[in-house]
**Q** 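I am attaching a structure below and will ask some questions about it afterwards.
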Amino acid sequence: AGLSDRYTPQEVEGRIYQFWESRGHFNAEDRSTKPPYAIILPPPNVTGFLHMGHALDHTIQDTLIRWKRMSGFNALWLPGTDHAGIATQNVVEKELKKEGKTRKDLGREKFLDRVWEWKKTYGDRIVNQMKRLGDSCDWRRLTFTLDENVSQAVRRVFVQLYRQDLIYRGTRLVNWCPRCETAVSDLEVEHIETKGHLWHIAYPVEGTSEKLVVATTRPETMLGDTAVAVHPDDERYSALIGKNVVLPLLNRKIPIIGDTYVDREFGSGVVKITPAHDFNDYQIGDRHKLKFINILTVSGQLNDEAGPYKGLSVKDARAKVLEDLKAQNLLVKEEDHRHAVGHCERCNTVIEPFLSKQWFVKIKDLANPAQRVAESGTIVFEPESWTKTYLHWMSNITDWCISRQLWWGHRIPAWHCQKCQTVNVAETKPENCEKCKSSELVQDDDVLDTWFSSGLWPFSTMGWPQETETQKTFYPTNVLVTGHDIIFFWVARMIMLGLHFKKDVPFRTVYLHGIVRDAQGRKMSKSLGNALDPVELIDKHGADALRFTILCQIASGRDMKFSEQRLEGYRNFMNKIWNATRFSLAALEDFKTPEQGTETLPKKSELSQVDRWITYRLGQVERSVEEFLEQYRFSDAANTLYDFVWHDFCDWYLEFVKPVIYGQPSTEREATQLVLAQTLNRIVRLLHPMVPFITEEIYAKLPIRNEAAIVDQYPTVLRDRTWLSIGSEEAAHEIELVKEVIAAIRNIRGENGIKPSQGIKVFLDPSDGDVQKLLGKNKTSIMRMAKVDECVIDRVESLSKCAVTPVVRKDSRVQVIVPLEGLVDIEEEIKRLGKAIEKNQKDINLMTQRLSNENFVKNAPEDIVAKDKEVLEALKQKNNNMRENLARLQS
RNA sequence: AGGCGCUUAGCUCAGUUGGUAGAGCGCCACCCUUACAAGGUGGAUGUCGUCGGUUCGACCCCGGCAGCGCCUACCA
């Protein structure tokens, strides 16, 4: 029908996507008689670009959504994009830096204009890239995390949590990025194993000549020391508790305290305590009511408290401190030391524990219910092993620092009274201070952690805090698909906040996938230069090939290695589908579209065994695919279809059918045409959720079809039972026998080096009349597919100088006999037979050994023993045949 | 330090109630056969990480060890 012999996705994909979109096929309805199915898209960063991680994430979701849509669900895939606070701010700051400016040069307002400008420029890009992948989102509902309705939800949540005493403000030690000049959460700190040093410093004990030696990896922090600690039971030092040491360099008197936190075995057993710059020391400082001396500025320089070191960077201060200590002979020892140093996840700057006033979510009360839903199975993790990780984190969770000293994000809805310092928390700016009624109110400068708004995503995108039909219909959603790297950042917080504000889980299943790595297993990164661009791959090979490659390679939750070579393999599969269609359409040129469409059955009497075989196989495939998809076993589903289409449908069915198609018109031919058309129709539908573009393109050309593949029904054994009823297991066995006969002839040809151009004569010696009839019916196919010139189906007496391969299947047996006289060197055939006998003998030995084991016969289940006996008999018979023939060849 | 995962063909991985080890890609040989050379046919390839246990029987179940990876973590 004028199709090109190569599938060219470039000509197809844009058009098809527009077709779907313009027909509204992606849209889900708030009110529908269909059962709901919903997935919330993890919103990509609006300034980012589509990467392989998205390709993986989205392919899974789109496959699920399309599958459910075709299965009769009111399927909603709700898309959105994320403002990604710190990440985006950093990108724009980098941009400014090129102009030699900082965000401070512009000021808050101007800087935010710049970010919005950036968002406008790059915002649509990610959406367009998603469309290139084929994402069938309901774009009418596209939401940005800074949209007004989301902001409203954010403010409502903040205020309510505050009123419920679940949000508080306090001065705490937090992780501070001196470059971003903001607090970050524990999760945003990346611990990198670093080669450092452990310096041993002597602190003179006041009024004695004694010195206590402390060890530290960060000597500059000594400027903020407010105590040294020893273990209270440590005989070496316990007497000193209560006395003071003189802090070198600053000559400050600080107490010696006892605390069981100290490990007597480590170093000298004495620890310097810097409550304002170390998380452990902070706790000790708290316990012992020590002074908290902050020695750093927000940008990580030393401040007034550092005396002579004021103004130095941490790095410079460290060097200077060490130099000065050395000069005073107080640096006792310096040793190499490997330890994990916290780095800012966004800009890789070393994180400093820093004392500052921040907003926190009191997390325990939120975490408990979130823990219970995972324990009870209300939320199921897939793979299941993540449940444990999640629960472990939940039970060790600490309060969440939600304020960021950034400009890009949701401004904290708190107003500080300039007169009485009261903090007024409200959804909108209050007129007057709630305490002193002053109107001098200034909004808090900070913005919220990006993940705060992300945590509300499942319901904020559905119109919350308003009551909406969307929520009634689609909340809780069915499945969340995301990478396991954000299980704590995002998944956990959605569960906590969803339970708290919606009184129900946000989703029932969490499907966690790994990350996409390069062919060598390295993480893809811009700096390594090994990052593949999915859009480029789509340009080159098509979205379907990319999607199918991903689906085939998903190994339950594990990282995946991706290579373009592999992709080309699956692109070839797309081409295979295309060409099978091309052939089929040509074969169906004179086919009359039946009125009952997919329900039209052929007359049983006109059906060939091949037709009943392929339909039987189709039924098996439909069953497997459904099971696999239900279990999120995407690679099994994809591979099942790959095998069926390529190996059953293309390699065998289409070849079997050719003689019929090319033959004279007949009712049998019509029946075969119907089966061909019906099978192709189902293949297209089965594949559609995975490879939507090519299947939609093909669908439009099918003689049997409905409106569009995307909204047609997904075939399952239940829904498709009428059609599948013509399949037959009996026929399947017969065809398998014929296939084996053909394979046997091909093997003889191949192994003996008989060229394809060389015609041969074949005798098929059947064990009984049924087999003879069966072979007769398939004679044309056998001759075609094995390249046989002459085929005799009959008893054969003389077997001299012949290659003989016995084919045994159930009760049916066929001797495949190829006379070799004058064709080949008999030696070759002797070699081939020898090889076959050897293999067969090995199997016989194994089986004999097992069956002669009394214990096996006694203990193994009867059916296993019986089956093995059968197998052994068949093997032996085959062996005899082959040996006889070998003897004849050698005589 | 704790937790989790992995180790099967050259590479990537299947192998779900324990019953003669599989696929794709790659490789070798032969073929431009009228859907497809992005194709067809045939072929080669494994002490299933290691040691032990359970069992008639172990890639599969149990334990030890080794190697790799990931996550969590306050040892100065």
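None of these values were measured; they are calculated from a predicted model.
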**Q** Among B/U12, B/A35, B/A76, which nucleotide has an atom closest to any side-chain atom of A/Tyr261?
**A** B/A76
**Q** Rounding to the closest angstrom, what is the interatomic distance between B/G18 and B/C13 at atom C1'?
**A** 22 Å
**Q** Ion pair present between A/Glu751 and A/Arg832, side-chain N to carboxylate O less than 4.0 angstrom?
**A** no
**Q** Contact class for A/His339 (heavy atom, under 4.0 Å): base, sugar-phosphate, or nothing?
**A** sugar-phosphate
**Q** Under a 3.5 Å cutoff on both atom distances, Watson-Crick or G-U, what's the dot-bracket for RNA chain B ([ ] crossing, | other strand)?
**A** ((((((((.[[[[.)...(..]]]].(((((.......))))).....[[[[[..)....]]]]])))))))....
**Q** In this structure, how many angstroms lie between the C1' atom of B/C56 and the CD atom of A/Gln849, rounded?
**A** 12 Å
**Q** Distance check needed: B/A37 C1' versus A/Asp651 CG, whole Å only.
**A** 15 Å
**Q** List the residues meeting side-chain hydrogen bond (donor to acceptor under 3.5 Å, both in side chains) with A/Asp863, not counting sequence neighbours, and say none if there are none.
**A** none
**Q** Kindly point out which of B/A37, B/C13, B/U72 is positioned nearest to the side chain of A/Asp5?
**A** B/A37
**Q** Which parts of nucleotides 21-34 of chain B does protein reach within less than 4.0 Å, heavy atoms only, written one letter per nucleotide 5' to 3' as B for base, S for sugar-phosphate only and - for none?
**A** ---BSS---SS-B-
**Q** Starting the side chain at C-beta, find the nucleotide from B/G42, B/C36, B/U72 nearest to A/Asn747.
**A** B/G42
**Q** Between A/Arg850 and A/Asp868 (salt bridge meaning N to carboxylate O under 4.0 Å), is one present in this structure?
**A** yes
**Q** Under 3.5 Å, side chain of A/His277 to main-chain N/O of A/Ile295, donor-acceptor pair present?
**A** yes
**Q** Using the P atom in both, what is the distance from B/C4 to B/G22, to the nearest Å?
**A** 33 Å
**Q** Look at all strands and tell whether A/Lys561 reaches a base, only sugar-phosphate, or nothing, counting heavy atoms closer than 4.0 Å.
**A** sugar-phosphate
**Q** NA contact type, A/Cys552, heavy-atom cut-off 4.0 Å: base, sugar-phosphate, or nothing?
**A** nothing
**Q** Using atom CG of A/Asp259 as one end and atom P of B/C75 as the other, report the distance to the nearest whole Å.
**A** 17 Å
**Q** Can you measure A/Trp652 atom CH2 to B/U41 atom C1' for me and round it to whole angstrom units?
**A** 10 Å
**Q** Counting heavy atoms from C-beta on, name the nucleotide in B/G19, B/G42, B/A35 closest to the side chain of A/Pro861.
**A** B/G19
**Q** Heavy-atom nearest nucleotide on RNA chain B for A/Lys835 versus A/Leu654: which residue maps closer to 5'?
**A** A/Leu654
**Q** Output the rounded distance in Å from CD (A/Glu188) to P (B/U72).
**A** 13 Å
**Q** Using side chain to side chain contact (heavy atoms under 4.5 Å, CB included) as the criterion, list what pairs up with A/Pro353, not counting sequence neighbours.
**A** A/Leu173, A/Arg218, A/Phe279
**Q** Hey, can you pull the residues of residues 862-871 of chain A with a non-hydrogen atom under 4.0 angstrom from RNA chain B?
**A** A/Ile864, A/Val871
**Q** If I pick the P atom on B/C65 and the same atom on B/U20, what distance separates them, to the nearest angstrom?
**A** 33 Å
**Q** Which pairs count as salt bridge (Lys or Arg N to Asp or Glu O under 4.0 Å) when at least one residue sits in residues 558-568 of chain A, sequence neighbours excluded?
**A** A/Arg517-A/Asp559, A/Lys540-A/Glu564
**Q** Within the 4.0 Å heavy-atom criterion, would you say A/His337 contacts the bases, only the backbone, or no part of the nucleic acid?
**A** sugar-phosphate
**Q** How far, in whole Å, is B/A66 from B/G52 if one measures between their C1' atoms?
**A** 15 Å
**Q** Using the C1' atoms only, state how far B/G46 lies from B/U7, rounded to an integer number of Å.
**A** 14 Å
**Q** Toward the 5' end of RNA chain B, which comes first, A/Leu187 or A/Ser584, by nearest nucleotide?
**A** A/Ser584
**Q** Which part of the nucleic acid does A/Gln631 contact within heavy-atom distance under 4.0 Å: base, sugar-phosphate only, or nothing?
**A** nothing
**Q** First locate atom CG of A/Leu702, then atom CG of A/Leu588, and finally report the distance between them rounded to the nearest 0.5 Å.
**A** 9.0 Å
**Q** Using the test side-chain hydrogen bond (donor to acceptor under 3.5 Å, both in side chains), find all partners of A/Glu627 that sit at least two apart in sequence or belong to another chain.
**A** none
**Q** Using a strict 4.0 Å threshold on nitrogen-to-oxygen distance, state whether A/Lys658 and A/Glu655 make a salt bridge.
**A** yes
**Q** Need one value for A/Asp263: base, sugar-phosphate or nothing, where a base atom within 4.0 Å counts as base even if backbone is also close, heavy atoms only.
**A** base
**Q** Provide, to the nearest angstrom, the distance between the CH2 atom belonging to A/Trp393 and the P atom belonging to B/A73.
**A** 9 Å
**Q** Using atom CZ of A/Arg517 as one end and atom C1' of B/G69 as the other, report the distance to the nearest whole Å.
**A** 8 Å
**Q** Just to be sure I understand the rule, does A/Arg6 reach a base, reach only the sugar-phosphate, or reach nothing, if contact means heavy atoms closer than 4.0 Å?
**A** base
**Q** Which residues pass the side chain to side chain contact (heavy atoms under 4.5 Å, CB included) test with A/Leu823, not counting sequence neighbours?
**A** A/Ile754, A/Gln758, A/Ile760
**Q** CG of A/Asn840 versus C1' of B/U20: gap in Å, rounded?
**A** 12 Å
**Q** Pick the C1' atom in B/G24 and in B/C30, then give their distance to the nearest Å.
**A** 22 Å
**Q** Extract all donor-acceptor atom pairs below 3.5 Å that involve side chains of residues 855-862 of chain A and protein atoms in other chains or at least two apart in sequence.
**A**
from, atom 1, to, atom 2, distance (Å)
A/Asn859, ND2, A/Asn855, O, 3.1

**Q** Could you tell me whether A/Tyr390 and A/Trp386 have their ring centroids closer than 6.0 angstrom?
**A** no
**Q** Given the C1' atoms of B/A35 and B/G42, what is the spacing between them in whole Å?
**A** 22 Å
**Q** Quick check against the 3.5 Å criterion: does A/Asn752 have a side-chain atom that pairs as donor or acceptor with the backbone of A/Ile748?
**A** yes
**Q** What's the gap between B/A21 and B/C60 when it is taken at their P atoms, as a whole Å value?
**A** 13 Å
**Q** Examine A/Phe548 together with A/Phe573 and report whether their ring centres are nearer than 6.0 Å.
**A** yes
**Q** Students often get this wrong, so: under 4.0 angstrom with heavy atoms, is A/Asp843 touching a base, only sugar-phosphate, or nothing?
**A** base
**Q** Applying side chain to side chain contact (heavy atoms under 4.5 Å, CB included), can you list everything that pairs with A/Ala229, at least two apart in sequence or on another chain?
**A** A/Ile257, A/Val262, A/Ile273
**Q** Suppose we screen for side-chain hydrogen bond (donor to acceptor under 3.5 Å, both in side chains). Which residues come up paired with A/Thr672, at least two apart in sequence or across chains?
**A** A/Asp611
**Q** Would you please confirm or rule out a distance under 4.0 Å between OP1 or OP2 of B/C56 and any side-chain N or O of A/Asn859?
**A** yes
**Q** If you check the A/Met847 side chain, which of B/G40, B/A76, B/U20 turns out closest?
**A** B/U20
**Q** I need a per-nucleotide contact map over nucleotides 4-9 of chain B, read 5' to 3'. Cutoff is protein heavy atoms under 4.0 Å; write B for the base, S for backbone only, - otherwise.
**A** S-S---
**Q** Nearest of B/U72, B/C74, B/G19 to any side-chain atom of A/Phe488?
**A** B/U72
**Q** I'd like to know if the side chain of A/Asn845 pairs up with that of A/Gln841 as donor and acceptor (distance under 3.5 Å, no hydrogens or angles considered).
**A** yes
**Q** A/Gln553 near the nucleic acid: base, sugar-phosphate alone, or nothing, with a heavy-atom cut-off under 4.0 Å?
**A** sugar-phosphate
